[in-house]
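All values reported here derive from a predicted model rather than from experimental measurement.
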Amino acid sequence: MKHIAAPRGTVDILPPETSEWQALEAIIDEVATRFGYREIRTPIFESTEVFVKPIGEGTDIVDKEMYTFVDRGGRSITLRPELTAPVVRAALEHNMLQHLPLKLYYRGPIFRYERPQRGRFRQAHQWGVECFGAPGPEADAEIISLGLDVMKAIGITDYRLEINSLGCEACRARFREALIGYLNRNVARLSETSQDRLARNPLRILDSKDPRDQDVMSGAPTMDAYLCAACQEHFATLRTLLEAMGIRALHNPHIVRGLDYYTRTVFEISSSALGAQNSVCGGGRYDDLVKSMGGPDVAGVGLAMGMDRMLMLARSSGLARDRDGKSLQIAFVPLDEASTRALVPVMHEVRQHGIAADMDYTRRSIDKQLRTAGESGARYAVIVGEDERRNGEATIQNLATRERTRVELGQVASELTRRLEV
RNA sequence: GUGAAUGUAGCUCAGCUGGUUAGAGCGCCGGCCUGUGAAGCCGGAGGUCGCGGGUUCGAUACCCGUCAUUCACCCCA
């Protein structure tokens with residue numbers, strides 16, 4: 001009905017809901033800090049090249065999902081579709097990799113040009129962590145446990161954690177060759193899209209949902225058989241460490257992830273409560289990424305979690321609703337214009353004492369004002385009308401017991417402070 | 001990019017096979033109650049029926065297009 005609406009795939013987040021976001025953001029900050037990560041904020045847009053090579057041509061993100069445009073200076077700019085590549089770019093730009101390990105976390109909007117549906121938007125929100133300079137599986141384990149801690153803190157218990165190893169560059173190359181050989185012999189039985197993928201990105205056929213592809217894959221060579229000794233040990237140790245922390249992870253050899261930069265460990269957290277887009281979290285190790293972006297040979301591992309989907313899960317398990325903070329403590333109730341103005345300095349003083357206070361400026365009747373005050377969750381109302389004003393007083397009413405007391409205007413702030421502390 | 005369903009008040013929805021000034025519940029505002037929160041009763045505001053075209057004497061309804069939403073595919077957070 002209104003003529004201008006928010007662009008397709010974007011939403012306005014309105015007041016009761018913004019409290020949930022603030023709660024989620026606070027949890028992320030707390031947990032990440034507790035694990036030794038510090039926040040980094042990078043630009044919403046980057047030079048297009050930041051994403052193309054690292055994520056990989058042939059991936060859907062690069063081929064059809066990026067918001068790319070030429071700015072007024074003729075530069076190709078892209079709204080970030082993820083944050084690992086920008087974080088690496090920033091780390092290199094500011095020589096942050098001289099002090100290892102480097103542990104960073106982020107949260108904020110990402111943009112992908114996709115058809116919206118349940119759990120998928122053109123502007124979405126992710127938080128994530130990146131750990132540089134830690135090649136061992138302890139770092140992988142730490143990151144997975146960090147992600148699960150945030151989920152736990154917001155009350156999400158219904159999920160599935162799956163892990164896999166893609167091997168290092170050497171073993172992946174051998175596996176890739178074997179896989180291509182097998183697929184070429186069975187190309188006729190593959191789905192059309194997978195036949196197309198065979199040439200461009202064959203590993204992605206592994207996690208295809210098409211039953212024809214799954215049928216073909218059931219007889220395909222598996223990554224496990226091609227892992228070198230070092231990669232095997234890395235993966236086995238990771239599983240041992242997770243188990244030692246009481247974390248249950250399922251080994252799913254078909255997980256490959258949609259970005260090209262992963263090596264060795266990859267993992268996903270998904271939930272059946274989300275609909276078709278059932279993944280809340282994805283991550284893994286990217287030991288060659290920093291080097292490929294022109295930096296030193298530094299290992300990395302990280303995760304990204306979808307905040308929009310996390311809140312969907314928190315709501316479906318019924319645990320996030322009470323996070324709507326009704327923080328008002330004092331409601332000022334003036335009964336006429338002169339009283340409104342007499343209360344301005346009084347309310348100011350109360351607020352200076354750190355007490356959350358608000359006044360109804362609409363000149364409504366006392367009935368309506370008290371009703372609103374009661375619904376707001378405030379503990380006291382401060383009422384001033386002609387009668388109180390004549391005596392330089394105010395009526396303080398306890399909104400729960402309805403008990404009323406008269407105090408001098410000058411005493412309102414100290415009286416309220418005293419009462420709220422008790 | 002493909003497919004399907006749906007667009008009527010702030011919200012949830014009626015509106016019979018096309019027929020005059022488009023309705024309800026909830027919410028909002030006001031009154032009953034000249035200064036105390038409930039319930040009830042009474043009243044009020046709020047709609048270019050998503051938008052554009054077509055058929056018709058007449059369209060919220062039928063047809064075409066378009067935009068948006070929802071769900072699914074693809075893929076992912």
Side-chain angles (χ1 to χ4, degrees), chain A residues 1-11 14 55 58-65 80-84 107-128 147 151 159 191-194 196-197 201 204-205 207-211 213 255-259 268-271 274-283 303-313 331 333-336 339 360 362-378 380-389 395-404:
Chain A
M1 283 114 287
K2 303 293 177 285
H3 275 115
I4 301 178
R8 180 159 215 208
T10 68
V11 292
L14 307 174
I55 296 174
T59 62
D60 280 12
I61 291 180
V62 169
D63 286 355
K64 54 182 199 185
E65 293 175 6
R80 62 188 193 193
E82 62 105 48
L83 273 117
T84 298
R107 51 177 169 76
I110 60 151
F111 305 86
R112 291 183 195 176
Y113 192 88
E114 296 186 277
R115 191 96 163 241
Q117 71 182 78
R118 180 173 169 79
R120 178 162 60 196
F121 314 97
R122 288 186 173 179
Q123 175 172 339
H125 303 264
Q126 286 186 350
W127 71 271
M151 305 248 299
Y159 59 80
S191 67
E192 296 76 23
T193 45
S194 285
D196 188 48
R197 271 193 290 235
N201 207 338
R204 294 221 49 86
I205 301 175
D207 64 358
S208 169
K209 278 194 270 187
D210 192 299
D213 296 333
I255 292 184
V256 290
R257 313 285 309 140
L259 299 85
E268 265 180 31
I269 301 173
S270 57
S271 168
L274 279 173
Q277 309 307 316
N278 63 359
S279 168
V280 233
C281 175
L303 71 74
M305 211 178 270
M307 295 170 70
D308 315 81
R309 291 182 187 179
M310 286 184 75
L311 287 175
M312 286 170 65
L313 287 175
V333 178
L335 302 186
D336 52 37
S339 301
D360 194 319
T362 62
R363 312 267 195 268
R364 294 192 303 160
S365 70
I366 186 168
D367 296 23
K368 314 295 179 187
Q369 290 197 51
L370 282 175
R371 188 179 148 190
T372 306
E375 288 168 353
S376 77
Y380 294 97
V382 177
I383 304 163
V384 172
E386 199 184 333
D387 191 33
E388 284 91 347
R389 215 172 56 243
T395 297
I396 294 179
Q397 176 163 334
N398 182 317
L399 286 166
T401 65
R402 306 195 178 204
E403 161 200 345
R404 294 190 282 274

Span that lies between the [atom1] atom of [M] and that of [N], in whole angstrom:
N	M	atom1	answer
B:rC26	B:rC42	P	12 Å
B:rG18	B:rC62	P	8 Å
B:rU17	B:rA77	C1'	49 Å
B:rC11	B:rG27	C1'	7 Å
B:rC63	B:rU55	P	15 Å
B:rA45	B:rC29	P	16 Å
B:rG7	B:rG50	C1'	6 Å
B:rU36	B:rG31	P	13 Å

Would you say the side chain of [X] and the base of [N] hold a donor-acceptor pair, judged only by whether the two atoms sit under 3.5 Å apart?
X	N	value
A:Gln397	B:rG37	yes
A:Glu388	B:rG35	yes
A:Gln277	B:rA72	no

OP1 or OP2 of [N] sitting under 4.0 Å from any side-chain N/O of [X]?
X	N	answer
A:Arg364	B:rC29	yes
A:Gln117	B:rC71	no
A:Arg371	B:rC33	no
A:Arg8	B:rU69	yes

Pairing partner of [N] (Watson-Crick or G-U wobble, both distances under 3.5 Å):
N	answer
B:rA68	B:rU6
B:rC62	B:rG54
B:rU17	none
B:rC73	B:rG1
B:rG25	B:rC11
B:rC32	B:rG40
B:rG47	none

Nearest to the side chain of A:Lys368, heavy atoms from C-beta on, is which of B:rA77, B:rG37, B:rG31? B:rG31
Measure from the side chain of A:Arg115, starting at C-beta and using heavy atoms only, and say which of B:rG35, B:rC74, B:rU2 lies closest. B:rU2
Quick one: [X] [atom1] to [N] [atom2], roughly how many Å, whole number?
X	N	atom1	atom2	answer
A:Ile383	B:rG35	CD1	C1'	9 Å
A:Glu268	B:rA77	CD	C1'	10 Å
A:Asp367	B:rG37	CG	P	6 Å
A:Asn278	B:rA77	CG	P	12 Å
A:Arg107	B:rA77	CZ	C1'	17 Å
A:Leu370	B:rG35	CG	P	13 Å
A:Leu14	B:rG10	CG	P	15 Å
A:Phe121	B:rA68	CZ	P	16 Å

Any donor-acceptor pair under 3.5 Å linking the side-chain atoms of A:Glu388 with those of A:Thr395? yes
With A:Arg364 as reference, evaluate A:Ile366, A:Asp367, A:Asp360 under the side-chain contact (heavy atoms from CB on, under 4.5 Å) test and give the passing residue. A:Asp360
Backbone N/O of [Y] and side chain of [X]: donor-acceptor pair under 3.5 Å:
X	Y	result
A:Arg309	A:Val280	no
A:Arg402	A:Gln397	no
A:Asp308	A:His125	yes
A:Arg120	A:Gly9	no
A:Glu375	A:Thr372	no

Looking at every strand, decide which applies to [X] at a 4.0 Å heavy-atom threshold: base, sugar-phosphate, or nothing.
X	result
A:Leu399	base
A:Asp336	nothing
A:Arg309	base
A:Gly128	nothing
A:Glu82	nothing

For A:Arg122 and for A:Thr395, locate the closest nucleotide of RNA chain B by heavy-atom distance; then report the residue assigned to the nucleotide nearer the 5' terminus. A:Thr395
Nearest-nucleotide wise, let me know which of A:Ala276 and A:Gly9 is further upstream toward the 5' end of RNA chain B. A:Gly9
Within 45° of the six-membered ring axis of A:Tyr113 and under 6.0 Å from that ring's centre, is NZ or CZ of A:Arg122 located there? yes
